[in-house]
Amino acid sequence: MEEHYDPAAVERAAQAYWERSRSFEVREEKGREKYYCLSMLPYPSGRLHMGHVRNYTIGDVLARFMRMQGRNVLQPMGWDAFGLPAENAAMSNGLPPARWTRQNIEHMRAQLKSLGFGIDWSREIATCDPSYYRWNQWLFLRMLEKGIAYRKTGVVNWDPIDQTVLANEQVIEGRGWRTGALVEKREIPTYYLNITRYAEELLGCLERLPGWPERVRLMQANWIGRSEGCEISFPYAPDTRAAMSAEGALKVFTTRADTLFGVTFMAIAAEHPVALAAATSNPGLAEFIEECRRGSVMEADVATQEKKGMRTGLHVLHPFTGKPIEAWVANYVLMGYGEGAVMGVPGHDERDFEFALKSSLPIVTVVRSKTGAYEEVRAPWIAAYCEHGITVNSGEFSGLEFQAAVDAISASLERRGLGKKRVQYRLRDWGISRQRYWGCPIPLIHCESCGEVPVPDEQLPVALPEDLVPDGSGNPLAKSAAFYQCTCPKCGGPARRETDTMDTFVDSSWYYMRYACPDQGRAMVDERAAYWLPVDQYIGGIEHAILHLLYSRFWTKVMRDLGLVAVDEPFTNLLTQGMVLNHVYSRAAADGRRRYFNPADVRSRRDAAGAEVFETTLPGGETIRVDYQGLGKMSKSENNGVDPEGLVKRFGADTARLFTMFASPPEQTLEWSDEGVQGASRFIRRLWSSVYEHVNRGLPSRLETQALSEPQRGLRRAAHQALAKATDDIGRRRNFNTAIAASMELLNSVGRFDDVSDQDRCVRHEALEIITLMLSPIIPHVAHELWRALGHECAVVDESWPAVDQSAMTQDSVEFVVQVNGKLRGRVRVPAGADEAAIREAALSDEHVMKFVGGRAAVKRVIVVPGRQIANVVASAPAGGQQDG
RNA sequence: GCGAAAGUGGCGGAACUGGUAGACGCGCUGGACUUAGAAUCCAGUGGGGAAACCCGUGAGGGUUCGAGUCCCUCCUUUCGCACCA
């Protein structure tokens with residue numbers, strides 16, 4: 001081996017070896033335990049960022065570790081290649097999204113290869129390839145047949161100047177990002193997937209996913225939001241009947257049927273038919289409804305906006321008392337959720353309470369507090385008002401506990417046909433239509449005479465033309481006659497092709513199945529998927545905790561019900577990695593806009609007063625002060641990204657991998673640190689020279705474990721303890737940082753160890769081998785070379801994970817920590833296996849301990865915890881032995 | 001607003017099951033080598049104190065022989081909220 005570590009040469013050699021030996025190309029092997037290790041596929045934005053490096057390093061470490069444990073490991077990679085950024089890029093550079101995307105894929109694939117990930121590239125897929133997305137279309141048609149896919153209207157952000165639909169991200173403070181126009185809500189026809197049909201199963205199966213982080217399961221459960229309640233009809237009063245020109249009732253859903261007698265108003269959505277009917281003869285109301293239609297469709301915006309309402313003048317009748325109740329239009333009631341109407345019970349609901357105070361509506365107390373927190377509801381609001389209690393002022397239903405009241409009221413309503421118990425979900429159906437070009441075409445044809453006609457299977461895929469360039473004013477497909485002009489498959493007459501494309505979450509809902517059989521041209525998946533599924537370990541960002549993961553689970557269940565796959569759940573274990581952060585430096589320009597400076601270009605120094613100041617040098621040579629803004633997610637907008645390519649060039653892929661694994665545990669955020677990167681690089685060089693100096697003196701003979709000296713046994717013990725820790729840290733805890741720390745500690749022990757005899761060198765040799773194997777999943781290129789240098793024919797990538805020698809870890813005596821009343825006061829050494837009485841005796845014989853106890857008479861009890869090697873002496877005298885000693 | 005998480009030295013983090021707080025790394029200080037050092041090696045490094053010791057895990061309470069870890073209240077930060085991926 002070379003005396004000095006040259007990352008470029010080492011990485012070239014190792015990568016060439018893996019390529020030549022096809023080390024990572026795997027096949028289904030019946031009888032061999034498989035391990036499917038999957039990282040979320042990247043969007044081909046052009047360049048890898050540190051978030052990718054972190055994600056794929058975690059996956060690669062696990063994949064290589066499991067391979068060393070003897071598993072048949074699949075680690076594939078592909079491209080989430082449809083989406084908005086390609087269209088945005090097209091608008092600024094005029095390049096068709098297809099060309100831009102494929103160029104990006106080329107570059108990013110090379111970047112991934114340079115990092116040495118053990119990926120089976122023969123299975124690579126790109127979601128923009130017709131051979132992939134034809135199966136999106138095929139499954140969509142199956143869903144249409146089963147009624148899982150259907151059409152209704154949906155609300156979108158509309159830019160009135162560009163005449164185009166905007167994504168939420170394109171709405172900035174209520175205005176279109178390009179035009180600055182106030183965004184409006186608009187209803188358009190949309191295709192939905194009936195995910196709510198699976199709500200119960202999606203919720204129930206969460207309990208059977210113990211390999212998922214608890215918080216992700218909680219977030220999904222809350223997102224699905226199952227609630228048991230009651231659907232109640234409030235019949236139209238004569239005025240509403242007249243306005244609607246029909247009989248009818250206003251339907252609401254409530255979990256608090258026990259408060260039905262406290263209803264003093266009804267709140268309905270601006271788009272509700274009753275609201276629209278009232279507005280025809282009420283210009284003020286029409287204007288208010290128009291106001292509600294403005295603004296964004298984002299839930300966070302709706303929830304934080306000021307609660308406003310206006311009376312309709314129309315009434316409905318209370319189902320029991322028959323008293324008229326006025327309907328109000330309220331901006332916090334959404335048409336898309338539930339029935340688009342809620343009953344207003346200001347006495348026992350905080351939002352209704354606020355609304356009633358503002359609009360001077362009456363507040364009625366219909367629940368008596370069980371804790372006596374209140375007698376009568378009056379301002380200000382206290383939390384106890386919405387607690388369950390005993391019904392009062394509720395006619396025949398007074399004096400009942402919560403559940404009894406709900407049961408009695410809903411039973412009575414049901415008898416009279418005015419309501420029933422029902423389960424409601426917060427989860428809404430998945431709208432998949434996008435009025436965009438760069439996505440998977442929805443395979444439908446609209447015919448004047450036949451209506452909506454599915455594209456026949458044999459005409460799939462509906463290919464997306466790849467030469468169009470969007471200009472920001474709507475979907476180019478809708479302007480491309482070559483695309484939309486077609487003949488109706490049913491009647492053969494002229495027809496128009498659907499020009500909406502699918503949400504890109506469709507693409508990513510099943511790509512992991514396709515990796516099993518990417519070359520299958522006749523079916524979506526084949527029997528190879530049965531071998532590889534489910535994914536054993538999935539790794540990706542926490543930001544996907546709800547949507548992508550829920551959609552994938554749904555898609556899997558649909559495919560299962562169609563008999564395409566056998567699994568209920570796609571991902572057995574989930575690891576959600578944290579974000580990569582870096583410092584943010586900026587300077588406010590004269591116009592108030594902030595300009596951001598990359599941390600690599602910022603220097604720190606002390607000013608005359610000793611305070612730390614930050615400076616950067618402009619291209620013109622001028623040095624200016626910049627403001628430190630703390631840590632932020634690496635992003636283009638804050639100009640605080642670190643380019644992985646430069647990092648690999650300067651330090652090598654192994655340093656990049658080691659640093660990202662060492663700086664923090666995978667689930668937490670990772671703070672970038674140039675000094676930390678240098679520390680990682682330094683450690684690799686130290687390891688390199690340790691091995692170099694060792695093998696340079698020739699390889700030692702065989703280790704004889706039976707006749708070792710005390711120092712030899714000490715190093716062996718350290719080596720096997722470190723190995724045991726790393727095995728557990730990587731295999732069970734997924735804490736790579738502590739596994740690396742254990743390796744560093746072991747290398748420190750190796751450095752302190754003097755070798756004079758051949759057996760000394762054998763012990764050192766074993767320790768170096770253990771470090772090399774332990775670190776090989778993390779720094780595979782360096783390990784490849786060191787393993788060869790340590791005298792092995794077999795490449796380290798094909799070696800097994802070493803076994804811990806339990807006998808190496810035994811000790812003759814153990815140290816116990818002795819506390820007095822919980823404070824550390826001494827340490828005693830006892831023979832290994834000493835019983836509790838002996839440990840107690842040793843503890844009480846310690847002079848320093850006794851000083852704090854204040855004599856044996858003061859000892860009340862002694863608690864010995866053998867597994868923790870700690871003993872606590874509980875003494876009656878106060879700790880702090882001065883007065884006794 | 002709703003939902004979810006996280007707060008430990010100068011910094012990243014460790015302490016896994018309620019049992020020695022600060023492993024490992026960075027930075028800093030001192031020393032060695034060197035013409036030189038942003039290279040390498042050695043030693044020290046939570047705060048206070050001469051020491052004995054005392055104090056320390058966002059704040060305040062509680063449970064326990066013992067709390068960074070469990071419970072309650074509060075503060076701060078981050079993530080998600082359905083058309084970014």
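Residue numbers start from 1 in every chain, and the chains themselves are labelled A, B, ... in the order their sequence lines are given, proteins ahead of strands. Note that this is a predicted model, so its numbers are computed, not measured. The analysis underlying the following values was restricted to heavy atoms, covering all of them including side chains, and did not include hydrogens, waters or symmetry mates.
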> How many Å lie between CZ on A/Arg840 and C1' on B/C65, as a whole number?
Replying inline: 13 Å

> Mapping A/Arg685 and A/Ala663 to their closest nucleotides on RNA chain B, which lands nearer the 5' end?
Replying inline: A/Ala663

>> Checking contacts here: which listed nucleotide (B/C16, B/G66, B/C53) is nearest the side-chain heavy atoms of A/Asn872?
In response: B/G66

> Can you tell me how far P of B/C16 sits from CG of A/Asn735, to the nearest Å?
Replying inline: 11 Å

>> Please report the distance separating the P of B/G30 from the corresponding atom of B/C79, rounded so that it comes out in whole Å.
In response: 41 Å

> With a 4.0 Å cut-off on heavy atoms, is A/Arg732 in touch with a base, just the backbone sugar-phosphate, or nothing at all?
Replying inline: base

> If each of A/Leu824 and A/Lys307 is mapped to the nucleotide of RNA chain B with the nearest heavy atom, which maps nearer the 5' terminus, i.e. the 5' end?
Replying inline: A/Lys307

> Where along nucleotides 74-85 of chain B does protein come under 4.0 Å, by heavy atom, of base (B) or sugar-phosphate alone (S), with - for untouched nucleotides?
Replying inline: ----SSSBBBSB

> Taking A/Tyr551 as the fixed residue, which of A/Tyr511, A/Trp510, A/Phe505 is the one that meets the ring-ring contact (aromatic ring centres under 6.0 Å, His included) rule?
Replying inline: A/Phe505

> Is the closest basic N to carboxylate O distance between A/Glu299 and A/Arg426 below 4.0 Å?
Replying inline: yes

> B/C54 phosphate, OP1 or OP2: any side-chain N/O from A/Arg825 under 4.0 angstrom?
Replying inline: yes

> Which part of the nucleic acid does A/His848 contact within heavy-atom distance under 4.0 Å: base, sugar-phosphate only, or nothing?
Replying inline: sugar-phosphate

> Base, sugar-phosphate, or nothing: which does A/Val874 touch, judged by heavy atoms less than 4.0 Å apart?
Replying inline: sugar-phosphate

> Should A/Arg351 and A/Glu354 count as an ion pair when the cut-off is N to O under 4.0 Å?
Replying inline: no

> If pairing requires Watson-Crick or G-U wobble contacts with both distances under 3.5 Å, which nucleotide is the partner of B/C2?
Replying inline: B/G80

>> Suppose you measure atom P in B/U57 against the same atom in B/A52; what distance do you get, rounded to whole Å?
In response: 22 Å

> A/Ile870 CD1 to B/U17 C1': how many Å, rounded?
Replying inline: 14 Å

>> Give me the distance, rounded to whole Å, that separates B/G62 from B/G1 when you measure between the P atoms they each carry.
In response: 31 Å

>> Please tell me if A/Lys851 has a side-chain N or O lying less than 4.0 Å from either OP1 or OP2 of B/C53.
In response: yes

> Using purine N1 to pyrimidine N3 plus N6-O4 or O6-N4 for Watson-Crick, or N1-O2 and O6-N3 for G-U wobble, each under 3.5 Å, what pairs with B/G27?
Replying inline: B/U45

> Quick one: is A/Lys823 getting a side-chain N or O under 4.0 Å of the B/C55 phosphate, OP1 or OP2?
Replying inline: yes

>> Tell me whether the side-chain N/O atoms of A/Asn737 come closer than 4.0 Å to OP1 or OP2 in B/G12.
In response: no

> Over how many whole Å does the gap from A/His4 atom NE2 to B/A39 atom C1' extend?
Replying inline: 11 Å

>> Just the rounded figure in Å: distance from C1' of B/U8 to CD of A/Gln668.
In response: 12 Å

> Does B/U40 have a Watson-Crick or wobble mate here (both distances under 3.5 Å), and if so which one?
Replying inline: B/A32

>> Between A/Arg682 and B/U40, is there a contact of a side-chain N or O with OP1 or OP2 at under 4.0 Å?
In response: yes

> Is B/G9 syn or is it anti, if syn means the base angle is within 90 degrees of 0?
Replying inline: syn

>> Between B/U17 and B/G10, how far apart are the two P atoms, rounded to whole Å?
In response: 28 Å

> Paired with B/A50 by Watson-Crick or G-U wobble geometry, both distances under 3.5 Å: which nucleotide is it?
Replying inline: none

> Cut-off 3.5 Å, side chains only: do A/Thr501 and A/Arg434 have a donor facing an acceptor?
Replying inline: no

> With rounding to whole Å, what would you report as the distance between B/A32 and B/A36 at their P atoms?
Replying inline: 12 Å

>> Using side-chain heavy atoms (C-beta onward) and a distance below 4.5 Å, is A/Cys440 in contact with A/Tyr132?
In response: no

>> Quick check: closest heavy atoms across A/Ser508 and A/Leu41, and the distance to 0.1 Å?
In response: CB-CD2, 4.4 Å

> Does the cation-pi check pass for A/Lys823 over A/Phe852, that is, NZ or CZ under 6.0 Å from the six-membered ring centre and within 45° of its axis?
Replying inline: no

> Using atom P of each nucleotide, how far apart are B/A5 and B/G9 to the nearest Å?
Replying inline: 23 Å

> Do we see a donor-acceptor contact under 3.5 Å between the side chains of A/Asp429 and A/Thr196?
Replying inline: yes

> NA contact type, A/Arg733, heavy-atom cut-off 4.0 Å: base, sugar-phosphate, or nothing?
Replying inline: base

> Nearest-Å distance, CG (A/Asp674) to P (B/C26)?
Replying inline: 14 Å

>> Just the rounded figure in Å: distance from P of B/U40 to CD1 of A/Ile684.
In response: 13 Å

> Counting just side-chain N and O atoms, does A/Asn222 come under 4.0 Å of either OP1 or OP2 of B/A4?
Replying inline: yes

> Should A/Arg868 be listed as having a side-chain N or O under 4.0 Å from OP1 or OP2 of B/G19?
Replying inline: yes

> Under 4.0 Å between a Lys/Arg side-chain N and an Asp/Glu carboxylate O for A/Asp162 and A/Arg178?
Replying inline: yes

> Rounded to the Å, how far apart are A/Glu671 CD and B/C11 P?
Replying inline: 10 Å

> With rounding to whole Å, what would you report as the distance between B/C81 and B/C11 at their C1' atoms?
Replying inline: 34 Å

>> What's the gap between B/U63 and B/C72 when it is taken at their P atoms, as a whole Å value?
In response: 15 Å

> What nucleic acid atoms does A/Gln819 come within less than 4.0 Å of, heavy atoms only: base, sugar-phosphate, or nothing?
Replying inline: base

> Which residues pass the ring-ring contact (aromatic ring centres under 6.0 Å, His included) test with A/Phe662, sequence neighbours left out?
Replying inline: none

>> Is there a side-chain contact between A/Asn748 and the phosphate of B/G25, meaning an N or O under 4.0 Å from OP1 or OP2?
In response: yes

